[in-house]
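In this text, all values refer to a predicted model and were calculated from it rather than measured experimentally. Here is the naming used below: chain letters follow the sequence lines, and residue numbers restart at 1 for every chain. Scope of the values below: all heavy atoms of this structure, side chains included, with no hydrogens, waters or symmetry mates.
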2 protein chains.
Amino acid sequence: MTEVVHHDVYSAIADPTRRQVLGILAGGEYSVTALTSHFTVTRPAVSKHLAILREAGLVTERKMGRERRYRLRAEPLKEVRDWTERFEQFWIAKLTALEKHLEKES
Amino acid sequence: MTEVVHHDVYSAIADPTRRQVLGILAGGEYSVTALTSHFTVTRPAVSKHLAILREAGLVTERKMGRERRYRLRAEPLKEVRDWTERFEQFWIAKLTALEKHLEKES
DNA sequence: TTGACACGTAACCATCTAGTTTCATATGAT
DNA sequence: ATCATATGAAACTAGATGGTTACGTGTCAA
């Protein structure tokens with residue numbers, strides 16, 4: 001890992017474990033240990049993934065006694081959705097072509 | 001680069017150069033050399049990026065004489081859009097909270 | 001105050017990544 | 001036939017990435 005400097009939202013969600021973390025956090029607030037129970041990797045590994053997600057602004061943390069609770073912060077995903085949607089017309093065009101082809105066949 | 005085995009759509013779009021390539025290809029078909037003129041990296045680097053994009057199903061190629069023309073294939077981006085949109089309610093909730101706050105202020 | 005628990009961080013490692021230069025091959029032009 | 005152009009692939013490199021184990025510190029419980 002060795003999360004150095006950058007880590008934008010795109011590279012943050014490139015890792016499947018991190019995407020899964022976000023999926024779990026969609027269900028509420030979790031401590032590192034609680035999160036770790038969902039994975040096969042060790043607790044420090046999850047901790048590092050959380051650091052990367054925090055760097056990308058995708059999670060926030062708050063101290064609760066000796067725990068540290070992580071919470072989803074979805075805003076940065078809007079950027080990804082928007083960028084992706086720029087290409088929507090292209091896959092729609094392809095589907096339309098397919099539909100036309102199927103119409104011609106029937 | 002050394003694009004090995006996996007390269008799903010998420011890691012394919014994690015690289016800013018590759019996202020830019022897709023943006024350019026949204027404007028039509030391009031040869032490798034034509035694409036390279038938009039970047040500072042060398043032609044083989046662009047070629048490798050294209051190989052990764054092809055592996056992720058995001059571009060298709062066709063031979064045109066001695067050229068090889070690359071074309072956008074946006075379909076795999078639908079998966080990213082869908083995954084991202086699962087979280088839409090969360091950023092909307094945040095905006096709603098902000099709106100409420102602003103309403104209270106005014 | 002002594003111990004157990006939760007957590008981040010350091011040190012280390014194997015592998016992947018993005019880039020380079022060099023080379024081989026196919027195709028088009030003279 | 002000869003030469004230039006377009007491209008992929010090979011060999012190599014520095015640095016990033018994902019993982020581990022070991023350790024230090026803060027906090028709750030006896």
Next item on the list: Could you tell me whether a side-chain N or O of B:Arg81 sits under 3.5 Å from a main-chain N or O of A:Thr84, the two making a donor and an acceptor?
Entry: no
Item checked: A:Leu50 vs B:Arg66, nearer the 5' end of DNA chain C by closest nucleotide -> A:Leu50
Item checked: Integer-rounded Å distance: C:dC7 P and A:His49 NE2 -> 16 Å
Notebook entry, point to check: Between A:His7 and D:dA16, does any side-chain N or O lie under 4.0 Å from OP1 or OP2?
Noted result: no
Note to self: Looking at D:dT20, I'd like to know if its phosphate oxygens (OP1 or OP2) sit under 4.0 Å from a side-chain N or O belonging to A:Thr42.
What the structure shows: yes
Next item on the list: Quick one: do B:Phe39 and B:Val21 satisfy side-chain contact (heavy atoms from CB on, under 4.5 Å)? Show the steps, please.
Entry: CA-CA 9 Å; B:Phe39 299 94; B:Val21 166; 3.6 Å; yes
Note to self: Which residues pass the ring-ring contact (aromatic ring centres under 6.0 Å, His included) test with A:Phe87, not counting sequence neighbours?
What the structure shows: A:Trp83
Note to self: Need to verify one output field. Residue with the more 5' nearest nucleotide on DNA chain D, A:Met64 or A:Asp15?
What the structure shows: A:Asp15
Notebook entry, point to check: Does the side chain of A:Tyr30 get closer than 4.0 angstrom to OP1 or OP2 of C:dC7 through an N or O atom?
Noted result: no
Check: Under 3.5 Å, side chain of A:Asp8 to main-chain N/O of A:Ser11, donor-acceptor pair present?
Finding: yes
Notebook entry, point to check: A:Ser47 side chain N/O closer than 4.0 Å to the phosphate oxygens (OP1, OP2) of C:dG8?
Noted result: yes
Notebook entry, point to check: Taking atom P of D:dT5 as reference, at what distance in whole Å does atom CZ of B:Arg69 sit?
Noted result: 18 Å
Notebook entry, point to check: Starting at CZ of A:Arg62 and ending at P of C:dG8, how long is that distance when rounded to a whole Å?
Noted result: 15 Å
Margin query: Taking any heavy-atom pair under 4.0 Å as a contact, classify B:Phe39: base, sugar-phosphate, or nothing.
Written below: nothing
Check: For A:Ala14, does its backbone N or O pair with a side-chain atom of A:Arg19 as donor and acceptor, under 3.5 Å?
Finding: yes
Note to self: Counting only side-chain heavy atoms from C-beta out, which of C:dG8, C:dT20, C:dA26 sits nearest to B:Pro44?
What the structure shows: C:dT20
Check: Within this structure, what is the CZ-to-P distance between B:Arg43 and D:dG8, rounded to whole angstrom?
Finding: 7 Å
Item checked: Nearest-angstrom distance from the residue atom NZ of B:Lys63 to C1' of C:dG28 -> 13 Å
Checklist line | Separation of C:dT17 P from B:Leu53 CG (nearest whole Å) | finding: 13 Å
Notebook entry, point to check: Of all the choices, C:dG8, C:dT20, D:dA6, which nucleotide is nearest to the side chain of B:Ala45 once you look at every atom?
Noted result: C:dT20
Item checked: DNA chain D: 5'-proximal contact among A:Val41 and B:Ala34 (nearest heavy atom) -> B:Ala34
Next item on the list: Grab the NZ-C1' distance between A:Lys48 and C:dG8 for me, whole Å please.
Entry: 10 Å
Next item on the list: May I have the distance from A:Tyr70 (atom OH) to C:dC7 (atom P), rounded to whole angstrom?
Entry: 8 Å
